[in-house]
Every structure is written in C-alpha cells, then in structure tokens.
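Protein chains get the first letters and strands the later ones, always in sequence-line order, with residue 1 at the start of each.
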Amino acid sequence: MEIVCIGEIFNNDVGGPTYEAIYLGNELKREYGGRLTLIIAGKDLDKYSGKLSIQGVDSIILLDHPSLELYEQVAYTRAIAGEIKAISPQIVIAPYTSQGMDLLPSIAHEIGYTLVTYCQSLKFTGNGWIATRVIYGGKLLEDVEVDDRNIVATIRPGDFPQLKQETGSISVLKKSPEIFQGKIRPIGTVKPSLEDIDITKYDVLVSVGRGIGSRENLEMADELAKILNGALACSRPIADMGWLPKTRQVGSSAKTVKPKVYIALGISGATNHINGMKNSNTIISVNKDPFAPIFEISHYGVVADINDLLPLLLEELKK
Amino acid sequence: MIHMDIFTLALIIVFATALILFFLRIYKLYIYFKIGKNINRFDHPLKRFLFMLYDTFSQACSRRHKNYYPGFTHFIFFWGFILLFPSIIELILGPIIGFSWKILGTQLYQALFFAQDVIVIFIVIALAMAFFRRYVIKPPHLENTFDSFLILFLVTIIVTTITGYKAFQIAIEGIYPSYMPLSLFFANFVRNVPDKTFWLYFFYWFHLGTILFFLVYIPHSKHMHLIASFPNIFFKKNEPKGKLTFVDLEKTEKIGANDIRDFTWKDYLDGLACTECGRCTQNCPAYQTGKPLNPKRIIHAVKHSLLYNAPLIISGKGGVVPIISDKNIDSMTISPEELWACTTCAACIEHCPVYNEHLQKIVDMRRYLIMTEGIMPPELADAFRNLERTGNPWGFSSVKRGTLAKSKGVKTFKEQKAEYLLFMGCMASYDASYRNAAESFIELLNKCGVSFATLGNEETCCGAHARRAGNDYLFQTLAKKNIETMKKYGIKKVITMCPHGYNILKNEYPLLGGEFEVYHSTHILYIFLKEGKISLKNSGEKGTYHDPCCLGRYNGIYDLPREIISKCIELKELEKNREDGFCCGGGSGRFLMEEKGRRMNEERAKQIIETNVNLVITACPICKYMLEDGMKSLHKENIPIKDISEIVLKNIEIKNLNVENK
Amino acid sequence: MDIVVLVKATPVLEEAKITDDEKNLDTSELKFFMNETDTYALEEAILKKEKYGGRVTVITLADSEIENDVNDMIYESYAKGADDGIIIEYSGIYMDPYAKAKIISDFLKTIKFDLILLGAQSTDTSYSLLGQLIARYLDLPYTTLVSSVELNGNKLKVVRELEEGLQAVYEMPLPSLLTIQSGINTPRYPPFVKIRNARSRPIKKVSIENIIRDPQSLVKVKRRRLYIPPSKGAANILKGEPEELAARLAEIIKGVVPR
C-alpha cells in the first residue's frame with residue numbers, strides 16, 4: 001500500500017500533529033505493508049529533516065520555496081497535489097489542524113480523492129475504506145464507508161500518540177515546486193500581542209471553563225495555580241469572552257498540553273478541549289454537573305459547586 | 001345676602017382666581033392622564049371606599065412597619081388639616097354669605113374650636129419633630145428639597161396666622177372663650193395693641209393668602225399627594241403583592257414599556273400620590289447595597305416623563321423622550337442598569353404608605369428591553385438560551401432532571417399516578433447545595449404516608465425567574481409545557497419546595513389556564529404537625545428564620561414556618577423580619593447574575609451574624625444558596641443555613657413517629 | 001454587500017436514541033436549534049449588513065421531519081435581521097457533505113451574492129468540510145476558522161485562528177466563502193416581538209428534487225452504522241460536603257503535584 005502523510009510546519013517547528021499522522025501511517029503500513037512517504041511544504045526545510053526522520057517513514061519530500069514561507073492555499077495545494085499525483089498513493093493522511101482544515105479539502109479536490117475527516121480508525125476492505133468517526137460531541141460513533149480504493153483521511157489532533165522515535169538516514173528529497181498563485185494574499189502571522197507565558201511548559205495547570213462562574217473565582221483559580229507553582233489556563237468559552245488571552249486556551253485547535261497535573265474547574269469537556277489535555281498525567285476535574293463528559297477522562301472527579309469548593313480548597317492547601 | 005364692599009369683592013376675586021387656577025391645573029392633569037393605557041380597578045367599589053376611609057383616617061398608612069416617628073407627625077398633620085379646614089370655610093364663606101359654624105349649636109361649635117386649638121399645639125410639636133428629623137437627623141433616603149421645606153414652612157405660617165387671627169378676633173370682641181385655650185392665651189397679650197383691626201385683617205389675608213397660594217401650588221408639586229393619595233388608596237392593587245400583569249403575546253402590539261404612553265393612568269396617579277417619603281428606597285435591598293436602583297426615582301421618572309411629554313404628545317409636536325435611557329435626562333429617565341439591579345423582592349410596594357406599584361413598572365420596562373429590543377445582561381441571555389434548550393438555566397441535561405427523586409425511590413406520574421404532584425424545581429433537581437433539603441422533604445412525605453409522584457424528566461422550569469426578569473415569552477413557553485403535562489396526568493394538587501415555584505404555580509399559572517391547588521412545603525409540614533403525624537423535640541439551639549420574599553411579602557406566609565421552627569429550636573427574630581425582611585438578592589434571575597459592589601446576600605449575612613445565632617433556617621432553595629454564599633464570603637461558614645425540612649427531619653421525635661399511614 | 005449564510009439545525013442531544021436500522025438518530029423527541037458556529041456566522045453577516053448595507057439570505061438544507069424547528073430557526077434569523085430565508089427540503093435521505101455540497105452549490109448558482117458565511121463545524125456530524133467543498137465546487141476562494149472579517153474597499157481583510165493563540169492574516173477578493181469560528185462576535189438575543197413579526201414573513205421552500213434528481217447518488221461517504229460508544233467507566237468520583245471534599249481534594253493534589 002502506498003501511503004502518504006502530509007506534515008505541517010507550525011511556529012518554526014514541526015507541528016506535533018504531524019507525528020500523529022505518521023503514527024497512523026505506520027499502523028496502516030504494519031497492517032497492510034507498503035511504503036510511507038512524508039510530504040511537507042514550506043521554506044528552509046532542511047533543518048527539519050532530522051526531526052522528520054521517524055521510524056517507519058520511507059522517504060521524505062521537502063517542497064521548499066520562498067513563496068511557501070507563509071501558508072497560502074493554492075500554492076500549497078498545487079505543490080503538494082503535484083507530488084501526490086506522482087506517487088499515486090492509496091491513502092493520504094493528514095492532521096486536521098487549522099491549516100489542515102483549510103488545505104486538505106483543496107488537495108482532495110485537486111487529486112480527485114474523497115476526503116473523510118476526523119477518522120479515529122481506518123480499515124481497508126480491498127475495494128474501499130471503512131473509517132470510524134466520533135460525532136455528536138462524543139455521544140455517538142459512526143462507521144463510514146468509501147467505495148474507492150483511494151481516500152484522503154484527516155485526523156483530529158490529539159487522537160493519536162506523537163511518536164518521535166528518530167531513526168537513521170531516510171531518503172530526503174528536496175524539491176523547489178512550481179508556484180501557483182491563488183487569489184488569497186497572505187499578509188502575515190500575528191503572534192498574540194501580550195507577552196504571555198507558554199502553558200505547555202508548566203507541570204501544573206489550573207484550567208477554568210464556563211462553570212467557573214465569576215471573575216472572583218477566576219482570581220481564586222489563579223491563586224490556586226500560583227500555590228501549586230502552575231499556570232492558569234482555560235477552555236474556549238473563557239477565551240472567547242476575553243477573560244483570558246487565547247494563549248491560555250487548551251484544546252486541539254488551540255494548545256495541546258501534557259502537564260503532570262491538570263486541574264479542570266467548571267469545564268464540561270468538549271471534544272476539542274479533551275483532545276488538548278487528555279494525555280496529562282493526572283487529571284482532576286471539578287464540575288457541579290455529575291454527568292459532565294470530562295469526568296470520563298479524569299482520574300479524579302469532584303462533583304461540587306466551585307463557589308463553595310474553591311475557597312475551602314485554597315484554605316486547605318495553605319495550611 | 002352678600003355684603004358687597006371692597007373687602008368682600010377682593011375676597012371673591014382672590015378666592016375665585018385661586019379656585020380657577022387650581023381646577024385648570026387639575027383639568028390639565030386629567031387631560032394628560034388620558035394618554036395612558038387603561039386598567040380596571042373599579043371592582044368592589046364599596047369595599048375599596050371603606051378601606052380608603054379606614055386607612056387614611058386612622059393614618060394606619062403612615063404608621064405601618066414601625067414608622068412611629070413620622071407616623072405620629074403625619075397623624076397630627078392629617079388631622080390638623082381636617083380639623084382646621086372648617087376654619088377656612090368660615091373665613092371665606094363668612095364674609096361672602098354670612099356663614100358661621102355657630103349653626104352647629106354651642107356645644108359642637110365650642111368642641112370644634114377647642115379641638116382646633118389643641119391640634120395647633122400638636123402641630124407645633126409635630127413641626128419641631130419634622131424639622132428636627134429632616135435637618136438634624138437627616139435620614140439618607142429622605143431628600144431635603146425645596147418642596148419638602150416649603151410644606152413645613154407653610155404649615156408653620158398657617159398655624160401661626162390662624163392663631164394670630166383668632167387671638168386678635170378674641171381681643172377685638174373682648175371675650176374670654178375658655179374653649180379656645182391657645183388662642184385665648186395669645187389674645188391676652190394683644191388686648192392692648194392699638195389698631196387691632198389692622199392686625200386682624202393682616203392675619204386674615206396672610207392666612208388666606210398662604211392657603212390659597214398653597215391651593216394653587218398643590219397640583220404643581222409633590223403636595224398633590226394631599227389630593228391624589230385618597231384615590232390612589234382607593235384604586236390600589238388588591239391582588240397578591242408579587243403578581244404581575246398578564247402579557248397577551250399575540251394581541252399586545254407593543255410589549256413592555258419604554259414610552260410614557262405605555263403606562264396606565266394608575267401609574268400616573270402613583271406619581272402624584274407619591275410624597276417622596278423615601279420608604280421604598282430606604283427598604284430596597286439593592287439601594288441599601290449601593291446599586292443605582294432607587295424605587296422612588298422609578299415613580300418620579302414616570303411622573304416627570306408625563307409632565308414633560310404629555311403636552312408634546314397632545315399637541316402633536318415631536319421630541320418625546322423615551323423613559324429608558326442611559327443618560328439621566330432631567331430625572332425623567334431610568335437606566336437599564338437600575339432595572340436589572342431589582343430582585344423583585346416587593347419591599348418597595350410593601351412599605352409605600354399609598355400603595356404605589358414600583359414593581360410592575362420595573363418589570364414592564366424589563367419586558368420592553370428583553371422582548372422588544374433583545375437587550376439584557378449577558379448572563380441572563382445565557383440563562384434564557386439554556387432554558388430554551390434544556391429546561392433549566394444552567395444547561396444541564398434535561399434527561400437527568402429526575403435523577404434525585406428517582407434515587408429516593410419516588411415514582412413519576414408516567415409510572416404511577418398519585419394524589420399530589422411534587423414539583424421539584426430546578427434547584428432541587430440539579431443543585432448540590434439543596435440536595436439534602438430535597439431529600440429530607442421527600443423523606444418526610446414518605447414517613448407521613450403522602451401519596452405523591454414527580455413529573456420526572458417531563459418537568460421543566462416553572463418559569464418564575466424568566467417572568468420576573470421580563471422574558472414573558474419564555475415563561476409562557478415553559479409554563480404551557482408544564483401545564484400540558486400536568487393536565488395530561490389529571491393532576492389537581494401540587495406541592496413545591498421552592499417559594500418562587502409556589503408563587504408562580506399558585507398565582508400566575510391560572511393566567512395560562514393552569515388551575516391547581518398549590519401547597520408549599522411549609523404548608524405540608526404544618527399540616528403534619530397539626531394532625532399529629534409528626535412530633536418535634538426542641539434542640540434548644542439558638543437560631544433564626546430568614547423570610548423568603550416569595551413566601552412572606554408575596555403571599556403573606558409568615559406564621560406557619562415560625563410555628564414549626566419554634567418547636568425545633570429557640571427562635572430569635574432578625575431585626576428585619578416578616579414584612580420588613582431583607583431580600584437574599586437572588587430573585588428574578590439575579591442569583592444567576594454577577595453582582596458588582598456590595599452584595600445583598602453578604603449584607604443579609606451580616607445582619608444575621610449581628611443577631612448572634614448559631615443557625616439560620618429558611619424555606620427557599622435560592623435563599624439557602626445565596627445566604628450560604630454570603631456566609632462563605634464573610635468567612636462564617638460555621639453558621640449553617642438549613643432548610644426547614646432539614647430541621648424538621650432532624651428534630652423529629654422518634655417515639656411519636658407514625659410510619660404506616662395510608 | 002449581499003451575504004448568504006448557510007445554517008444547519010442541530011439537535012440538543014442528551015441521551016441518544018438510535019433508529020432500529022442502526023443508521024440514524026431517532027429525532028422524534030429531539031428539539032433542533034441553529035448550530036452554534038452558524039449563529040456566529042449569522043451574527044457576523046448581520047453586523048456587516050448594519051455597517052455596509054446589502055441583504056442577508058439564510059439558507060438551510062433540512063429534513064422535512066423537523067420542519068417546525070427549522071421554520072423557527074429561520075424566523076429567529078429574520079428576528080435577528082436576515083432578509084430572506086430559504087429551506088431546501090428533503091425527506092428521509094441520508095446525505096454526506098459531498099452530496100450536500102453539490103446540492104447547495106447548484107442552488108447557489110441561481111443566487112447573486114458577494115460573500116458566503118457558515119460555521120466552521122457542526123455540533124452533530126462534525127465534518128468541518130461542507131464550506132470548503134462548496135467553495136471548490138463554485139470555484140470561490142475560501143478560508144476557514146475565521147475570527148475577524150473587515151471590508152477594505154472591495155476586498156476582505158480576514159484573520160484566521162491558528163493554534164496556540166496565533167493568527168494568520170489574509171487579503172481576499174469578493175466573492176468568496178468563509179467558515180466562521182466561535183468567539184468572533186456575540187450573537188444577539190432575538191427579541192420576542194421581532195420573532196412574532198417574523199412569523200408572518202414568507203420562507204421560500206425548495207424541494208431537493210428540483211435541484212438534483214437523485215441526491216443519494218452524490219453520496220461518497222456512506223454511513224454503515226451509527227452506535228453509542230461503550231461507556232469508559234467513570235473516574236474516581238468524589239461527592240460530599242464541600243468541606244470534606246476540599247480536604248480530600250487537597251490531599252490528592254498534594255500527592256500528585258511536584259514539590
């Protein structure tokens with residue numbers, strides 16, 4: 001089986017979900033045999049070839065061109081699709097990151113493959129593919145089928161492990177692709193304006209969701225984080241409301257974290273959020289809804305009103 | 001026979017002019033009143049009239065709620081006016097048609113004049129008390145305006161001039177009427193004053209002039225209260241205090257109030273009957289904790305808006321100023337911030353001596369903001385969205401609503417019909433802080449063999465907070481769903497633990513066709529006690545009872561819970577109790593909202609702490625939640641807040657337990 | 001600027017019930033509301049209309065089984081400020097994003113517009129694919145996860161949300177398609193009076209057969225089976241009074257947090 005994985009350079013590094021795509025590619029290779037080719041587009045990609053030399057990857061194609069420095073849909077699509085067409089793989093795997101969500105439908109359309117998004121598992125039937133997808137916020141699963149030997153499958157960042165077992169020399173091919181200009185003009189990437197901390201570097205995170213209630217409780221959560229030498233993080237609604245900057249948002253579409261201790265206060269557990277923190281060593285969740293989905297992935301769950309619990313907890317810890 | 005001379009002519013002209021000016025103004029106000037909506041307060045006219053006579057003549061209106069100081073002074077001023085009024089009649093009609101009170105006969109005549117002299121003495125005392133209160137004690141809710149000074153000043157002039165007149169009259173006539181002790185006292189000083197006639201006329205015109213000036217001035221000032229208070233008491237609302245008006249969602253063109261024409265003639269009358277005593281504001285928990293809400297201002301804004309806009313509306317000129325605005329325009333506007341600060345606790349309407357209706361105006365303006373403009377605090381919008389989707393304000397799964405009752409073995413009506421519906425309510429169904437109370441009450445119902453069941457997951461929020469917050473559409477949607485479900489199972493009797501639910505099921509569900517026999521848990525516990533189904537032992541603990549607004553002021557239930565509680569603990573009353581109870585701050589959806597500045601629940605917690613008790617009992621899940629939060633903020637978690645069911649269950653005497661009773 | 005907003009009615013799902021054929025959700029007791037990210041898209045369209053003028057057309061593809069809820073959804077859109085509402089109606093057909101995209105694209109060819117907005121993801125089937133497919137079928141420039149849109153002359157300045165709080169800025173021509181991320185604005189609460197007035201306004205209904213003869217033939221991702229995931233077994237759930245919970249939780253935290 002010819003397998004292609006599409007990687008992504010994010011913030012001057014290889015994006016974590018790239019390794020997840022490689023992991024899945026390896027699983028399929030183990031099951032069905034074949035070759036795994038990794039394709040990445042960007043500028044000055046040489047420095048990443050070491051990091052991309054992952055166990056199981058048979059060859060790496062670096063599509064390197066100054067015009068590819070900033071992600072632009074048409075240029076990336078035509079460049080990557082061109083390579084894919086040359087390889088003619090059965091399956092193309094890519095992470096459905098923010099960039100992936102923009103790029104992959106375009107690539108799939110360009111190469112004429114059907115795209116199935118957020119696949120949790122894949123099975124080749126000989127005539128087509130069967131994928132399992134999590135839907136309705138995790139409440140249901142569906143098995144879907146594509147009657148075509150070729151598909152593009154994207155995965156939700158966080159669904160798969162990021163195996164970074166580097167190996168010796170893998171064939172790295174660097175190409176300067178033909179650049180096609182689209183109608184969308186990239187102007188630049190904006191870093192968050194505030195000088196903020198990097199929550200991925202903390203061993204302890206205290207994360208607040210809608211259930212935190214008031215800004216007073218937010219301050220208490222911050223105090224809790226400080227007592228534990230951790231940092232304050234949050235779920236999407238809190239960042240949307242502007243209570244904390246977006247750099248504190250935990251989720252597969254925001255920041256994926258893996259602290260030693262993740263304390264979730266008033267977070268119900270939307271899929272994207274869970275995917276962004278489920279690999280934490282110890283997950284402790286507090287929510288007044290005893291049926292909050294986050295409890296399913298927590299090591300400890302406390303059913304309580306945060307208004308009551310938080311001040312008492314702070315007192316206990318200060319003793 | 002009219003004695004026509006210069007004096008009489010002048011008198012007739014002055015008097016007629018004053019009367020004409022007075023009635024012109026009254027007529028103008030009447031024309032203004034017509035721009036408003038209609039409301040029917042003409043039911044039971046005799047009953048209304050008799051009550052008005054009682055309330056005003058006994059001055060119970062001004063004395064209520066331990067207002068003994070101003071109650072006393074006002075009693076004096078009221079009766080002073082009544083007793084002195086005959087003098088004015090005689091002073092005017094005497095010269096014109098020769099009228100005199102002597103027609104009453106000597107005894108009555110002398111009694112009248114004696115009473116007048118006595119009341120003048122009391123008026124002087126009352127004036128001193130009034131000046132002292134306003135300018136020395138200076139209660140914060142009492143504004144010292146020009147008008148408030150003017151009336152005291154005018155009354156001073158009036159009693160001084162009438163006494164002066166009588167004194168000179170006695171001196172001129174050379175009599176010594178012992179039935180006029182005060183006037184005689186002064187008369188004795190002036191018997192030797194030369195040209196007494198001049199002074200007689202002086203005091204006469206000074207007195208009459210002051211009174212006629214005042215007559216013309218009354219309908220231009222807050223003193224219109226003198227006239228408007230009587231009809232305002234006559235037309236007062238005789239329904240349960242907290243009951244709000246029905247909104248016909250389909251037929252009402254304009255929903256809510258933001259223009260002066262959206263209010264009723266009774267709303268305008270409220271403005272005229274208001275004498276700015278400030279008791280509404282003084283007792284408003286929002287005002288007391290520094291919120292911008294000031295109930296007196298609500299009444300005033302309607303009044304000022306009427307006086308400003310009515311001429312513009314009637315003449316067809318533009319420039320009508322709406323009543324809701326962020327900018328304070330000449331005190332005829334109310335800001336949305338003031339409106340959202342209200343907890344609909346009804347302290348304002350409870351304390352108003354003339355039964356003004358601040359509450360309905362606030363809710364009508366809220367209805368405008370929410371149902372016509374879609375403007376509301378974001379926490380309310382979130383709560384509304386959750387109610388629409390999941391039937392509770394927090395967005396918890398509606399499928400899990402019946403979990404607590406089910407875990408206690410209570411059946412649903414779907415599984416098994418019963419005599420009573422136990423309407424759980426959102427707090428009992430989902431809130432961890434009320435769980436023990438709900439379980440206690442269920443246990444008591446079981447112990448006493450009551451046949452009851454719940455609606456399980458078919459129950460949805462009763463809609464009380466949505467209605468009071470101003471979203472009547474949401475309320476009606478929720479209520480109609482409940483009513484349909486309850487009718488489906490042929491339910492006739494309902495028990496609730498939450499006073500908000502109790503109030504709305506009892507008093508407002510009938511507006512939508514849901515007529516049920518509704519009981520609050522305290523009713524049921526009281527019945528158990530009286531019927532000997534339970535017997536209580538007193539633990540001797542010192543505790544207090546916090547009156548929930550929806551049980552107390554809204555529905556007059558003060559004694560039942562106290563009878564039950566005083567059997568369990570040593571009950572010490574809070575200073576602000578019963579009708580004077582201080583709201584926990586959670587009503588009309590406020591328990592879901594952020595409160596800036598001093599918190600009402602903390603304020604109430606402080607009052608409780610000052611009472612030096614070890615325990616607080618209440619009969620409302622919202623009160624329990626808010627007070628617990630208040631105590632925690634003040635680091636007084638050692639004072640527990642318990643629901644009445646928890647206390648009853650704890651103090652039940654086991655040997656008298658009647659278990660098998662069907 | 002004439003804007004088309006594509007919206008979807010999604011259910012408030014608490015306890016999923018599946019039809020006997022194990023292929024569909026039993027919607028008989030479910031209530032449907034506008035998909036969350038679509039509400040942000042609609043609000044953005046209304047804001048642009050308020051600022052620049054033009055018309056906002058709301059289009060939805062819906063099963064006639066949930067007709068009442070879908071009508072309510074359109075009326076709510078009117079109450080918020082939408083000008084026209086169109087329901088492309090079908091009955092009992094399963095469609096994947098490819099089928100839906102083809103049908104909607106063909107329909108959109110009959111409408112004049114400057115911009116298409118829709119939510120980045122639906123809370124039910126969660127493909128995050130429909131908008132992108134429609135854009136490719138209509139040969140429109142598109143971008144996804146938009147957190148800010150501004151009109152500069154006849155071009156758009158668009159900000160995309162990336163991971164870790166980063167954002168990418170683009171300049172895009174009109175017409176184009178954007179998928180909208182939550183948090184871009186605060187969707188307004190429609191006042192009842194406007195909803196009531198909206199109920200008397202017409203909603204255009206188009207039968208799916210008038211667009212494509214055989215919609216099911218367009219399906220590329222077929223559904224084999226719909227099922228409830230096995231319960232993963234709850235964690236160590238602690239319940240009790242806040243005081244004792246706080247004490248126990250403090251112990252647990254002290255045990256796991258590095259010194």
Test your reading of the model: is there a side-chain donor-acceptor pair from C/Thr60 to the backbone of C/Val7, 3.5 Å cut-off? yes

I'd like a table of the N/O donor-acceptor pairs between chain C and chain B - cut-off under 3.5 Å, distance only.
unit_1: C/Glu14; atom_1: OE1; unit_2: B/Ser398; atom_2: N; d: 3.2
unit_1: C/Glu14; atom_1: OE1; unit_2: B/Ser398; atom_2: OG; d: 2.7
unit_1: C/Glu14; atom_1: OE2; unit_2: B/Ser398; atom_2: N; d: 3.2
unit_1: C/Pro187; atom_1: O; unit_2: B/Arg385; atom_2: NH2; d: 3.1
unit_1: C/Tyr189; atom_1: OH; unit_2: B/Glu388; atom_2: OE2; d: 2.8
unit_1: C/Tyr189; atom_1: OH; unit_2: B/Asn471; atom_2: ND2; d: 2.9
unit_1: C/Phe192; atom_1: N; unit_2: B/Met371; atom_2: O; d: 3.1
unit_1: C/Val193; atom_1: N; unit_2: B/Met371; atom_2: O; d: 2.8
unit_1: C/Arg196; atom_1: NH1; unit_2: B/Leu249; atom_2: O; d: 2.4
unit_1: C/Arg196; atom_1: NH1; unit_2: B/Thr252; atom_2: O; d: 2.7
unit_1: C/Arg196; atom_1: NH2; unit_2: B/Thr252; atom_2: O; d: 3.0
unit_1: C/Arg196; atom_1: NH2; unit_2: B/Glu253; atom_2: O; d: 2.9
unit_1: C/Arg199; atom_1: NH2; unit_2: B/Tyr473; atom_2: OH; d: 3.1

Main-chain N/O of C/Thr57 paired with C/Asp83 side-chain donor or acceptor, under 3.5 Å: no

Run the numbers on C/Tyr90 and C/Asp63 for side chain to side chain contact (heavy atoms under 4.5 Å, CB included), then give the verdict. CA-CA 5 Å; C/Tyr90 62 91; C/Asp63 195 320; 3.7 Å; yes

C/Asp21, CG atom: more than 12 neighbouring heavy atoms under 6.0 Å: yes

Checking B/Leu249 against chain C: side chain, backbone, both or neither under 4.5 Å from a heavy atom? both

If you look at every heavy atom in C/Ala198 and C/Ala79, which pair is closest and at what distance? CB-N, 4.2 Å

Without swapping roles, check the side chain of C/Arg160 against the backbone of C/Leu145 for a donor-acceptor pair under 3.5 Å. no

